[in-house]
Amino acid sequence: MESKVAYENDLNLKATELRLGLPGTDYSEEQALFSARNNKRPLPDTNEKCGSKGCTDAPHAGNETAPSTKTQIVGWPPIRSYRKNNLQPKKTEPEAAGIYVKVSMDGAPYLRKIDLRIYKGYPELLQALENMFKFTIGEYSEREGYKGSEYVPTYEDKDGDWMLVGDVPWDMFMSSCKRLRIMKGSEARGLGCGI
Amino acid sequence: MSEDDDRSPPLDLRRADIAESSNKTRNCTGVSGSGGSVPGPGPSSMEFQAPYPDQVLENVLENVLQFLSSRRDRNAASLVCRSWWRVEALTRSDLFIGNCYSVSPRRATARFTRVRSVSIKGRPRFADFNLMPPDWGAHFAPWVTAMASAYPWLEKVYLKRMSVTYDDLALLAESFPSFKELVLVCCDGFGTSGLAVIASKCRQLKVLDLIESEVTDDEVDWIAFFPESGATCLESLIFDCVECPINFDALERLVARSPSLKKLRLNRFVSIGQLYLLMVRSPQLTHLGTGSFSATEGMAQGEQEPELFTAFAACRSLVCLSGFREILPDYLPDISPVCANLTSLNFSYAHINADQLKLVIFQCHKLQIFWVLDSICDEGLQAVASTCKDLRELRVFPFDAREDNEGPVSDLGLQAISEGCRKLQSILYFCQHMTNAAVIAMSRNCPDLEVFRLCIMGRHRPDRVTNEPMDEGFGAIVMNCKKLTRLAVSGLLTDRAFSYIGKYGKLVRTLSVAFAGDSDMGLKYVLEGCPRLQKLEIRDSPFGDAALRSGLHHYYNMRFLWMSSCRLFPQGCQEIARALPRLVVEVIRDDAIEHTDETVDILYMYRSLEGPRDDAPGFVTIMQ
């Protein structure tokens, strides 16, 4: 398969090294191991490149893939260290765990985005919305919806219907809510009257 | 003083009085004060008090030559005769130094006295990949010192792979009152304090572009150093490589008072909410680097959700988009309003998959330049191929640059691109597996190819399907792509591949070789066969002293030769140095490599008018 290269100055394939870098592993530590091999160079510890960014272990961080059977060769593949250091593996954990929904309020210029998982129930959610948008939500009752305020929190569910926040159990709400909208005025009253 | 008039080229063509103009052109040689006079054939100012026929001719020549912009044309013109040499030197306003050690600052400034723009390149490219020990050289200092006295009217400096210090930048800011453009590509040695001094002192600054440079965090709020009041002249502000937080309020105010700003590339410390605020202030942008394109960490909960879609819709002139350093793919559809107009899109830091790419790429019909991560897979490349019929340049970077991964892109992606993007001129493609068939297909489908750089990340890896070397594929490229000037090879390659390159690669100027070839013949084929070869960089290939010898006839025509971890010995290198006195032959020792024999770690050689440099560090031996 591989042609007989006329010479060898390459790494010693027999002495392969299994190494999985755990998050937080000091990259320079890993590189120091490489220096014992032919043609390996540790990333210079005094190199500013390493210093200003901190010694990242970018190629190994958080990757639970199969261990390399070949050790890393210096400068191969030819990617600039800037690019290597700045392609952190994606922080997938927060996104996978969170349920992000957009929140808009009638009359407010900007949308907000929140992670529903952070709240344990409706009271916390509503309190957070009040703080975020600086308004007050009325008292909720199953029959009459929200009373005592011109703002009504609503949400769009998986079927595209607009529902009143609080009508369904919290867990069901978390799994079906696509986006939140705090309605104001007559539209709100229409919805608030328990359609 | 009459010298002031001489400081403003070009010559006033309305001037009918030839005698008057002749005095002025001659006086300019004294402008640089203590800088000295033009060496070589140069008349003293006493000779030209009255006009004479040759003088008339020279004035005419000057008026004509000032329109010559191509440096190759100028180089040719300067060889016609002394008169042309002299006049060309006077009218050259853009000075390009391809290798900072090939000529000294003194010699350059003495010959070219009216330069307004200087471009200098330093380190060899392989130094970018940690193949060269640090502090090798390429210092800007001697250049800026010489120019400070020689070119007080200097407007533009472009540096690539140079070491630039704070003092250099301070001197630059002090010395050139008309300074307008600073572009630093792959440079290092300075920090935010250097940026601050440029921002505060260069009042006419139009362009401050930092591209893939190392900028240390001196904890200086450099953005705040731009003059606080009044409109700025800024047209381009690129700092996406600056790895430290930025004072956003100051940046916002700066953008607000920069009505000419067309190019703005933010670093990853600018969140998407902040991006929105900046875009709203600068809908006239043509080039935008989006920064992180993500919500600020720690503020994700309840952070304002910007109406980014509207902001993009307002940027009707946007043609070039980049950034996406920490992209939250949810936001990707917000760029839709500009997709139809985009000619350049850089997703090379965006970890997106094929489906996410498809949300936007299907609208990018005008795209000519596309940089992307291989996370989009062959499927993503197929989407590109089906839509981007005008594509000229494609770069596919690896997300996980190791040798033993599956590799999300392969010959399938390359094949698809070759079939869909027939106008392709330049490609850089990282992959794990490749076939000769796909490469041959590209050589046939894309006849306009000028740059073909294929990096099969597994060293010595053969054709995925046939298990044969990749010789035929690269052979087809040099054979069929008649405009090819730059080539990078990889995979399992025998001497045969190099025989193809030597036989057909007649226009090749730059060649990069790694882990390839069987014997000296490989290098010989190339050195003997490629008359236009200027830059040759080779690593870990079995080429020795005999092969090196075979290039003696050509080395003076080259910008440089780099060979690392090959089969060269000091004697062989010394032989070259002795045979070619105008060549500087550097043998560089790399202490991190374990030495098992006498072979040279790194050979770096280049033509030079100056002989051995005096700033070589201890690990560099200059052969003589």
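Numbers restart at 1 for each chain; the letters A, B, ... are given by sequence-line order, proteins then strands.
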Chemist: May I ask you to test the A:P77-B:F397 pair for a side-chain heavy-atom distance under 4.5 Å?
Modeler: no
Chemist: Locate the shortest heavy-atom distance separating B:L131 from A:V74; write the atom from each residue and the value.
Modeler: CD2-O, 3.9 Å
Chemist: Select one option (side chain, backbone, both, neither) describing which atoms of B:R125 are under 4.5 Å from chain A's heavy atoms.
Modeler: neither
Chemist: Starting at CG of B:D240, measure out to OH of A:Y82 and round the result to the nearest 0.5 Å.
Modeler: 6.0 Å
Chemist: Does the side chain of A:P78 reach to within under 4.5 Å of the side chain of B:F430, using non-hydrogen atoms?
Modeler: yes
Chemist: Checking A:D157 now: which residues fulfil side-chain hydrogen bond (donor to acceptor under 3.5 Å, both in side chains) with it, not counting sequence neighbours?
Modeler: none
Chemist: Looking at B:N353, I'd like to know if its CG atom is crowded, meaning that more than 12 non-hydrogen atoms belonging to other residues, nucleotides or ligands lie closer than 6.0 Å.
Modeler: yes
Chemist: Does any non-hydrogen side-chain atom of A:I73 lie less than 4.5 Å from one of B:R539?
Modeler: yes
Chemist: Can you tell me how far the OG atom of A:S81 sits from the CD atom of B:E214, to the nearest 0.5 Å?
Modeler: 6.0 Å
Chemist: Would you mind reporting whether A:R80 and B:C186 have side-chain heavy atoms less than 4.5 Å apart?
Modeler: yes
Chemist: Below 4.5 Å, heavy-atom pairs only: which of B:S348, B:A488, B:S375, B:P469 has the largest tally toward chain A?
Modeler: B:S348
Chemist: Measuring from B:L373:CG to A:R83:CZ, what's the distance to the nearest 0.5 Å?
Modeler: 7.0 Å
